[in-house]
Novice: 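Could you have a look at this structure, given as structure tokens, before my questions?
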Amino acid sequence: MARVGGGRGLFLAARLLAFLQMSSSAFEVNDQSGKVCIIANLSASFSVEYHTKSGQQLTAHLALAQNAEVLANKSSCGKENVSAPILAIGFGAGHLLQMSFTKTSKLYSVDELTFIYNLSDTTVFPNSTGGEKNVSQKTNIQADLDTRYRCFSTNRINMSVVTITLSNVTLQAYLVNHTLSGNETVCAADKTPTTPVATTPTSQTPTTSQAPTSPPQNPMTGKYNVTGTNGTCVLAHMGLQLNVTYLRKDGKTGLDVLNFVPVNTSFSGSCDHSSAFLSLTFGRTRLVFQFLLNASTEKFFLQGVNVTTALPSEAKETKIDVFNHSMSELRAKLGNSYKCNAEEKLWVTDHVFVNLFDVQVQVFKIDENKFGAGKLHTSTLSSVVKGFNKIGKTCKFKHIGVFFSESSL
């Protein structure tokens with residue numbers, strides 16, 4: 001495995017630590033048969049005004065902690081015309097964030113957001129009067145049915161003495177086929193007004209940026225791995241292509257396309273029992289993939305991607321550093337691999353995405369440094385939808401009106 005040494009290694013370690021600290025958390029609510037009905041990835045922080053025993057007014061700050069988990073006894077998939085779906089997340093010493101959902105014929109929404117906080121938690125509320133408080137409020141979180149709601153932007157919700165700040169949110173209730181939809185509803189804050197402009201494509205390599213005369217070819221498949229204390233914890237074979245749309249100095253729009261060349265790509269990473277990082281560096285570009293383990297379902301998934309890259313000199317901003325920590329992609333059971341022979345897009349922002357080609361990934365449970373054995377599946381429509389087969393889990397396709405999802409395989 002290619003290694004990054006010296007100061008560069010320290011920089012990478014710091015980046016990985018920052019990635020972990022900023023990352024959102026993934027939550028699922030299951031019905032009695034174990035099928036998923038609510039999925040949510042989000043970051044949340046809380047600002048709470050409270051009074052001390054001496055009558056002084058203070059402000060406490062807390063965030064959705066690493067130990068946050070879905071409370072099964074308070075969460076529910078709901079019953080049609082009887083009760084609403086509820087996602088209840090417990091964290092810290094007796095704190096709870098709860099979302100109750102409702103729907104119409106076309107939309108679903110977070111009808112009410114509730115926060116219950118424990119003033120007896122003296123680490124957060126020193127010298128407080130104790131007891132439990134709760135606040136709730138309607139929200140502007142809504143999406144079309146059978147789409148996932150996505151909002152990278154900060155959403156501050158004021159509730160009297162409490163302010164809740166949500167960010168990096170991806171969620172969906174009323175799931176079809178018990179998995180996230182391939183379509184999404186984007187919040188208003190993530191939509192930036194644009195006017196039609198001429199687009200000039202460019203192609204980035206580690207040293208030059210030139211305009212291609214034809215569409216970029218698919219990248220070569222690279223083989224990458226991460227080794228932890230118990231052996232290999234990330235095994236990934238995939239072709240990588242970064243696509244960035246940027247504003248040029250002349251006000252027009254440029255397109256930068258970069259194919260990673262495996263022989264010139266260094267890789268590193270880290271892992272523990274529930275999270276793993278894979279960092280890949282090619283020239284002036286670094287991609288960091290973060291995988292998480294859902295212990296309750298025994299599935300791993302890609303939760304986040306960081307992109308750092310230099311753009312051509314014609315760009316108004318010649319360097320970008322962006323991330324999306326609200327993904328739920330490349331999902332598979334522990335011991336199995338996720339495999340997709342078709343092209344897949346990982347949207348980092350509205351202007352940055354990573355294309356994956358011929359991807360096969362396995363995380364956490366890997367025996368003998370090999371992908372887990374899986375039954376090969378082929379579709380009866382394989383002649384129409386190219387590349388449809390799987391070992392472990394397979395990618396989603398949305399072509400010619402046919403939608404294949406993980407749960408249908």
Side-chain angles (χ1 to χ4, degrees), residues 19-20 22-30 36-45 63-64 68-70 75 85-89 97-101 103 107-111 113 139-157 164-191 275 288-294 296-297 299-307 322-331 338 344-354 356 395-396 398 403 405-407:
F19 195 105
L20 180 60
M22 291 188 301
S23 65
S24 55
S25 299
F27 308 98
E28 292 183 356
V29 177
N30 302 279
V36 181
C37 62
I38 301 172
I39 295 178
N41 286 8
L42 57 94
S43 297
S45 61
L64 211 58
E69 61 180 354
V70 173
S75 300
I86 294 174
L87 167 63
I89 303 168
L97 178 66
Q98 180 173 293
M99 295 180 175
S100 61
F101 295 84
K103 70 175 180 176
L107 301 171
Y108 70 92
S109 62
V110 177
D111 182 52
L113 185 68
T139 78
N140 61 354
I141 298 174
Q142 67 175 25
D144 296 329
L145 283 173
D146 195 22
T147 71
R148 54 184 176 185
Y149 172 85
R150 188 262 282 174
C151 195
F152 299 147
S153 301
T154 297
N155 182 11
R156 289 184 175 86
I157 302 167
I164 300 177
T165 302
L166 301 176
S167 62
N168 297 324
V169 176
T170 298
L171 62 80
Q172 187 176 350
Y174 306 100
L175 295 176
V176 176
N177 295 325
H178 312 289
T179 189
L180 279 174
S181 171
N183 301 315
E184 65 181 14
T185 298
V186 179
C187 69
D190 278 6
K191 296 178 181 178
S275 64
V288 181
F289 295 86
Q290 182 192 17
F291 297 90
L292 292 184
L293 171 64
N294 186 325
S296 61
T297 61
K299 290 181 180 180
F300 68 83
F301 62 97
L302 177 69
Q303 190 212 25
V305 176
N306 267 41
V307 176
V322 295
F323 62 88
N324 177 2
H325 298 159
S326 300
M327 297 180 178
S328 185
E329 309 298 336
L330 314 185
R331 302 162 66 90
Y338 176 96
E344 288 195 86
K345 283 184 171 63
L346 301 176
W347 286 94
V348 182
T349 72
D350 288 341
H351 306 291
V352 179
F353 65 88
V354 178
L356 303 182
C395 48
K396 301 172 184 176
K398 194 176 182 186
F403 180 56
S405 69
E406 293 176 0
S407 59

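When reading the values below, keep in mind they use all heavy atoms of this one structure, side chains included, and skip hydrogens, waters and symmetry mates. The structure presented is a predicted model; accordingly, all values stated were derived computationally and were not measured.
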Novice: In Å and rounded to the nearest 0.5 Å, what is the CG to CD1 distance from Leu97 to Ile89?
Specialist: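 The CG atom of Leu97 sits 5.0 Å away from the CD1 atom of Ile89.
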Novice: For Phe353, enumerate each residue passing the ring pair (Phe, Tyr, Trp, His ring centres under 6.0 Å) test, keeping only those at least two apart in sequence or located in another chain.
Specialist: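 Only Trp347 meet the ring pair (Phe, Tyr, Trp, His ring centres under 6.0 Å) criterion with Phe353.
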Novice: Should Lys103 and Leu145 be marked as a side chain to side chain contact (heavy atoms under 4.5 Å, CB included) after you check the CA-CA gap, both sets of side-chain angles, and the distance that decides it?
Specialist: CA-CA 8 Å; Lys103 70 175 180 176; Leu145 283 173; 4.2 Å; yes
Novice: Ser75: which residues meet the side chain to side chain contact (heavy atoms under 4.5 Å, CB included) condition with it, sequence neighbours left out?
Specialist: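 With sequence neighbours excluded, Ser75 shows a side chain to side chain contact (heavy atoms under 4.5 Å, CB included) to Val29, Val70, Ala88, given in chain and number order.
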Novice: Looking only at heavy atoms, which two atoms of Cys187 and Tyr149 are closest? And how far apart?
Specialist: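 Reported closest heavy-atom pair: CB-OH, 3.4 Å.
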Novice: Checking His178 against Asn30: is there a side-chain donor and acceptor pair closer than 3.5 Å?
Specialist: no
Novice: Rounded to the nearest 0.5 Å, what separates atom CD in Glu329 from atom CZ in Phe301?
Specialist: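 With rounding to 0.5 Å, CD (Glu329) is 10.5 Å from CZ (Phe301).
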Novice: Check whether the side chains of Ser181 and Thr147 place a donor and an acceptor atom closer than 3.5 Å, and report yes or no.
Specialist: no
Novice: Are Leu87 and Leu171 close enough that some pair of their side-chain heavy atoms sits under 4.5 Å apart?
Specialist: no
Novice: Do the non-hydrogen side-chain atoms of Met327 and Gln303 ever get within less than 4.5 Å of each other?
Specialist: no
Novice: Using a 4.5 Å cut-off on heavy atoms from C-beta on, say whether the side chain of Lys299 contacts that of Leu293.
Specialist: no
Novice: Sequence neighbours excluded, which residues qualify as side chain to side chain donor-acceptor pair (under 3.5 Å) partners of Ser100?
Specialist: none
Novice: Using the test side chain to side chain donor-acceptor pair (under 3.5 Å), find all partners of Asp111 that sit at least two apart in sequence or belong to another chain.
Specialist: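 Partners of Asp111 by the side chain to side chain donor-acceptor pair (under 3.5 Å) criterion, ordered by chain and then number, come out as Lys138.
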Novice: Does the side chain of Phe291 reach to within under 4.5 Å of the side chain of Ser275, using non-hydrogen atoms?
Specialist: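 No. Closest side-chain heavy atoms not under 4.5 Å.
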Novice: Can you name the side chain to side chain contact (heavy atoms under 4.5 Å, CB included) partners of Asn140, sequence neighbours left out?
Specialist: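 Asn155.
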Novice: Taking side chain to side chain donor-acceptor pair (under 3.5 Å) as the test, write out the residues that go with Glu28, two or more places apart.
Specialist: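 Testing Glu28 for side chain to side chain donor-acceptor pair (under 3.5 Å), a comparison that skips the adjacent residues, returns Arg331.
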Novice: If you measure from CZ on Phe323 to OG1 on Thr349, what distance do you get to the nearest 0.5 Å?
Specialist: 11.0 Å
Novice: Going by the rule salt bridge (charged side-chain N to carboxylate O under 4.0 Å, His left out), which residues pair with Glu184 if we only count those two or more places apart in sequence or in a different chain?
Specialist: Arg148, Arg150
Novice: Name all residues meeting the side chain to side chain contact (heavy atoms under 4.5 Å, CB included) criterion together with Gln142; count only those two or more places apart in sequence or in a different chain, and write none if there are none.
Specialist: Leu107, Ser109
Novice: Side chains of Phe289 and Leu346: closer than 4.5 Å at any heavy-atom pair?
Specialist: yes
Novice: With respect to His325, which candidate in Asn306, Val348, Thr170, Leu42 satisfies the side chain to side chain contact (heavy atoms under 4.5 Å, CB included) definition?
Specialist: Asn306
Novice: Would you please classify the geometry between the Tyr108 ring and the Phe101 ring as parallel, tilted or perpendicular, with 30° and 60° separating the classes?
Specialist: tilted
Novice: Are any of the side-chain heavy atoms of Leu166 and Arg156 separated by less than 4.5 Å?
Specialist: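 The answer is no; the side chains never approach within 4.5 Å.
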Novice: Apply side chain to side chain contact (heavy atoms under 4.5 Å, CB included) to Thr139 and list each qualifying residue two or more places apart in sequence or on a separate chain.
Specialist: Val110, Leu113, Ile141, Ile157
Novice: Is there a side-chain contact between Val36 and Leu175, using heavy atoms and a 4.5 Å cut-off?
Specialist: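 Val36 reaches Leu175 side chain to side chain.
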Novice: Using the salt bridge (charged side-chain N to carboxylate O under 4.0 Å, His left out) criterion, which residues pair with Asp146? Sequence neighbours excluded.
Specialist: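 Expected list: none.
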